[in-house]
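Below you'll find the structure, written out as structure tokens, and then a few comments.
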Amino acid sequence: MDCTMNSRRLFLKYLSAAAVAAGARPPVLMWALPQEQVVEVPGEDGMILRSYRFVDLESPVEYFNTWLTPVPHFFVRNHMHEPSELDPADWRLSIGGEVEKPFAWSLAELLKLEPHSVVNTLECAGNGRSLHRPQVPGVQWGQGAVGTARFSGPRLRDVLQHAGVKSTGKHVMFRGLDEVPGKVPPFIRSIPIEKAIDADTLIATHMNGSPLTKHHGFPARALVPGWIGAASCKWITEIKVIEKEFVGNFMSPAYRFPNQAVKTGDAVNPEDTHPVTALNVKSVITGPSNGARLKSGRVAVHGVAWAGEADVAKVEISTDGGALWNSAALGPDQAHYAWRLWTYDWKPRKSGDYTVMSRASDSQGRTQPSTAVWNPSGYLYNAVDQVNIHVA
Ligand code: MTE
């Protein structure tokens, strides 16, 4: 399903007037370009292009220096084409299935419900996939398919309450308005009713205080906090309450994790898997960068750490390749589903080469492992992070 491209940064600039004048639609322009050329995507300056075919953009980790990720620096993950024409006046959200009172609402009707805000770290299940060994197929994400934003909109449970969920309703299915190319199955997934009626699960219409942009699901998307990004369906147009987990490509075989440890490189029996839901505990070093050559003196090691539905309890840093660990200071900004910024003030004793590592632990007692659990689709990579640097 995923389109792959080797890890490489392409600097994205604004659409050239010439291309627009020539009538080239941005996707055509992008897909037609030889790989080394500058690629132009409006408003997404400096992002890493991971797929030509559909828009898949990764944030350089150096961008993670604010608690809330600015929308133009927020990763984008599309399995297919974004809806090309989406007039908010025509948009409808239908609610049906195992409900007493099915209905379809306009955007104005949806927005009459009380809004609620959740600061959530959204991470693609495949973030870090390129770091699994042996390598696995799929979009070769580095570490930047993650970001944190304040999502706002009505609670999904308020919408469901209007419809009246029957006792037979056990899962809630979302369908997006993606343009499905050829034989690709549509992007439809479901979540269990317990998560759907959680007070923090939203039909988000806003991100960081502004209406969602098209890349992020305008005019409305599901926001399933603490869970893999795939749970949060963009361009949502249909909600259906169903009796069982939805059966379809994006529930199985996609987004499933083996029940037992798999011998690295082995195939997995699909019967022996479960859907990937909540995110792992994880930290990433955002500076200094791998390969940095630093002057002598103090070094501010810094980064981000998150834990899905759990809270980050601590982040520890090792500057000697993992023998000794010291606690980093966690930043003041926090919210239940949001990452923490962290810093570690380090004074190297002497010049030389160092391996600096970060390791997060959470309120569920989980700690980042030294090696991530290998699985054939490369989901939930969360090994201890490390950078190699030289101090003069
Ligand atoms: N929703 C639809 N309709 N189509 C998609 O391809 N991608 C999912 C999810 N919602 C997707 C979708 C995946 S895999 C992720 S990681 C998140 O959207 C990414 O959200 P973002 O692009 O706003 O960062």
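FYI, side chains are in, hydrogens and waters are out, and symmetry mates aren't considered; it's all heavy atoms of this structure. For reference, positions follow the sequence shown, starting with 1. The shown structure was predicted, so the numbers you read here are calculated from the model rather than taken from an experiment. In each ligand, atom 1 is the first atom listed, and ligand 1 is the first ligand listed.
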At a 4.0 angstrom heavy-atom cut-off, ligand 1 is contacted by F74, F75, V76, R77, N78, H79, L122, C124, G176, D178, F187, H215, H216, R221, G229, A230, S232, C233, K234, W235, Y255

Just checking, is any N or O donor in the side chain of H81 or D178 under 3.5 Å from an acceptor N or O on the other one?
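No donor-acceptor contact under 3.5 Å links the two side chains.
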
Which residue is it: E58, E82, M47? I am looking for the one with a side chain to side chain contact (heavy atoms under 4.5 Å, CB included) to V76.
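Of all the options given, the one that passes is E82.
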
Lys/Arg-Asp/Glu bridge criterion (N-O < 4.0 Å) met for E238, K240
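The answer is no: the pair does not qualify as a salt bridge.
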
Assess whether a salt bridge exists between E316 and R359, defined as any Lys/Arg side-chain N lying under 4.0 Å from an Asp/Glu carboxylate O.
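Salt bridge present between E316 and R359.
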
Please tell me if the side chains of L177 and L86 come closer than 4.5 Å, counting only heavy atoms from C-beta onward.
yes

Do I193 and F174 belong to the same hydrophobic cluster, where Ile, Leu, Val, Met, Phe, Trp and Tyr are linked whenever their side-chain heavy atoms lie under 4.5 Å apart, directly or via other members?
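I193 and F174: one cluster.
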
